[in-house]
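Letters A, B, ... are given to chains in the order of the sequence lines, protein chains preceding strands, and every chain is numbered from 1.
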2 protein chains.
Amino acid sequence: MFSKACEYAIRATIYIARQSMEGLRASLADISREIDSPIAFTSKILQQLVKAEIIYSTRGQTGGFYIESAMMESITIAGIVTAIDGDAIYTDCGLGLKECSGAEPCPVHEKFAEIRESLKNVLESTNIASLASGLKNGVTCLKR
Amino acid sequence: MFSKACEYAIRATIYIARQSMEGLRASLADISREIDSPIAFTSKILQQLVKAEIIYSTRGQTGGFYIESAMMESITIAGIVTAIDGDAIYTDCGLGLKECSGAEPCPVHEKFAEIRESLKNVLESTNIASLASGLKNGVTCLKR
DNA sequence: ATTTATTCGGATATTTTTGTCCGATTAAAA
DNA sequence: TTTTAATCGGACAAAAATATCCGAATAAAT
Ligand code: SF4
Ligand code: SF4
């Protein structure tokens, strides 16, 4: 459904959120250990999230990644997915066609549209705050 | 959502179904022209569909691909997807985790499960007969 | 000032997916 | 029986996604 990069992005963001809720910054090393992801690849993905202003970073000793507590509610899974994978999942035809959407819909068009709509709905209505706080045993769940 | 291979497979199957409904066999050349797909790659995919017994083929002159008319109703998009992409889309966790499903569900688990369920439902309830006959201007829609 | 611990960014490597080539096989037509 | 038109199957090639390496930049601690 999502790319690997996007999956790591979601998990990393959840972990960073949990740390930020306790006033801690998360280092790349911590993140990649806790979400069990390849460290260098994760680094690239975190940089994308920083550019998208979903997370923030500071360099140097005691640096790391964090999330503004004011933003916890407004960062949604949808936002992360869009930042990493783009909006193809919400807009693309399930059959990979480019130019027929709408005009002469095939029998699946409406059904696909429904699915995409409900998917979009779920991803947009699930924010990082609820994800991070909902995970009682969050760290273990983010691994493997 | 689906791999390219899977998209081609769905489109090819729809085209073959349309031809079979008129008693015609579809050649690889025809199929790849009508669904606008790379011919040699399409060949591999058709072979997979033949092995999965979703479509049938005969070699030699006047050969080609066809679908048993008795099976038109029972061939679903779900069946094609499973044959080409496997069942990951129905079973995999949206966050790419392996070992947490069920036990200690995270806040999105139930929502993801819902989406997967409705997706599965749509794909299983849409058969090739309805797809092929529903496309009035089918060929054009399968292109591009 | 130097050391240390961190993110950043460019180049490179590996793996997977997508796509190509071509000869072997098959079966009908000539 | 030979030619022709088709699928089959294995090896190969290209592109995209995933992953690694390493030096530069940054900032705190020593
Ligand atoms: S009509 Fe069917 S094939 Fe065309 S864009 Fe919609 S779902 Fe895709
Ligand atoms: S609980 Fe959450 S992370 Fe775990 S399998 Fe379910 S959706 Fe995925």
Side-chain angles (χ1 to χ4, degrees), chain A residues 1-13 15-16 19-20 24-67 81 83-86 88-89 92 96, chain B residues 1-13 15-16 19-20 24-67 81 83-86 88-89 92 96:
Chain A
M1 177 165 285
F2 306 129
S3 67
K4 284 277 181 199
C6 192
E7 291 174 358
Y8 296 148
I10 296 171
R11 287 196 264 158
T13 306
Y15 176 72
I16 295 166
Q19 295 300 103
S20 291
L24 302 171
R25 288 187 181 169
S27 74
L28 170 62
D30 286 345
I31 294 165
S32 106
R33 175 171 27 82
E34 294 302 328
I35 72 172
D36 192 36
S37 66
I39 187 165
F41 190 45
T42 304
S43 170
K44 300 299 185 191
I45 295 159
L46 292 174
Q47 284 176 42
Q48 286 184 265
L49 292 174
V50 168
K51 271 189 188 160
E53 294 186 306
I54 288 167
I55 63 177
Y56 296 88
S57 68
T58 58
R59 301 215 263 193
Q61 202 158 323
T62 73
F65 300 90
Y66 61 97
I67 292 174
V81 170
I84 306 295
D85 282 354
I89 198 167
D92 278 16
Chain B
M1 177 165 286
F2 306 127
S3 68
K4 283 278 179 199
C6 193
E7 290 174 359
Y8 296 149
I10 296 171
R11 286 195 265 158
T13 305
Y15 175 73
I16 295 166
Q19 295 300 102
S20 290
L24 302 170
R25 289 187 180 168
S27 74
L28 170 62
D30 285 346
I31 294 165
S32 106
R33 175 172 25 81
E34 293 302 327
I35 72 171
D36 193 35
S37 66
I39 187 165
F41 190 43
T42 304
S43 170
K44 301 299 187 193
I45 295 159
L46 292 173
Q47 284 174 42
Q48 285 184 267
L49 292 175
V50 168
K51 269 188 188 160
E53 294 187 303
I54 288 168
I55 63 177
Y56 295 88
S57 68
T58 57
R59 300 217 263 194
Q61 201 158 324
T62 74
F65 300 89
Y66 62 98
I67 291 173
V81 170
I84 305 296
D85 282 353
I89 197 166
D92 279 15

(request) Could you state the atom-to-atom distance from CD1 of A:Ile45 to C1' of D:dT18 in whole Å? (result) 9 Å
(message) If I take atom CD in residue B:Gln47 and atom P in nucleotide C:dT26, what distance separates them, rounded to the nearest angstrom?
(response) 14 Å
(message) Output the rounded distance in Å from CD (A:Gln48) to P (D:dT18).
(response) 11 Å
(message) Does D:dC8 have OP1 or OP2 under 4.0 Å away from a side-chain N or O of B:Ser57?
(response) yes
(request) Choose from C:dT7, C:dT18, C:dT20 the nucleotide whose nearest atom is closest to any side-chain atom of A:Phe65. (result) C:dT7
(message) Under 4.0 Å, counting only non-hydrogen atoms across every strand here, what does A:Tyr8 touch: a base, just sugar-phosphate, or nothing?
(response) sugar-phosphate
(message) How long is the straight-line distance from CG of A:Leu46 back to OG of A:Ser32, given to the nearest 0.5 Å?
(response) 9.5 Å
(request) Find the distance A:Ile55:CD1 to C:dT6:C1' and express it as a whole number of Å. (result) 14 Å
(request) Find which nucleotide of DNA chain D each of A:Gly60 and A:Ala40 is nearest to by heavy atoms, and output the residue with the more 5' nucleotide. (result) A:Ala40
(message) Nearest whole Å is fine: how far is D:dA11 P from B:Phe41 CZ?
(response) 18 Å
(message) Using heavy-atom distances to pick each residue's nearest nucleotide on DNA chain D, tell me which of A:Thr62 and A:Ile39 is more 5'.
(response) A:Ile39
(request) Go through C:dC21, C:dC8, D:dT20 for me and flag the one nearest to the B:Lys44 side chain. (result) C:dC21
(request) Report the distance from atom OH of B:Tyr66 to atom C1' of D:dA6, rounded to the nearest whole Å. (result) 14 Å
(request) Specify the separation, in whole Å, of atom CZ of B:Arg25 and atom C1' of D:dA5. (result) 14 Å
(request) Supply the atom-to-atom distance A:Ser27 OG to A:Arg33 CZ, rounded to the nearest 0.5 angstrom. (result) 7.0 Å
(request) Among C:dG9, C:dT18, C:dC21, find the nucleotide with the atom closest to the side chain of B:Ser3. (result) C:dT18
(message) I need the NZ-P distance between B:Lys51 and D:dT7, as an integer number of Å.
(response) 16 Å
(message) If you apply the rule side-chain contact (heavy atoms from CB on, under 4.5 Å), what do you find for A:Glu7 with A:Lys4, and how did you get there?
(response) CA-CA 5 Å; A:Glu7 291 174 358; A:Lys4 284 277 181 199; 4.2 Å; yes
(message) Testing the 3.5 Å rule here: is there a donor-acceptor pair between the side chains of B:Ser37 and B:Arg11?
(response) no
(request) Look at the side chain of B:Arg59 and the base of C:dT26, then say whether one donor and one acceptor between them are separated by less than 3.5 Å. (result) no
(request) Choose from D:dA5, C:dC21, D:dT20 the nucleotide whose nearest atom is closest to any side-chain atom of B:Gln61. (result) D:dA5
(message) Which heavy atom of A:Leu28 sits nearest to which heavy atom of A:Phe65, and what is that distance?
(response) N-CE1, 4.1 Å
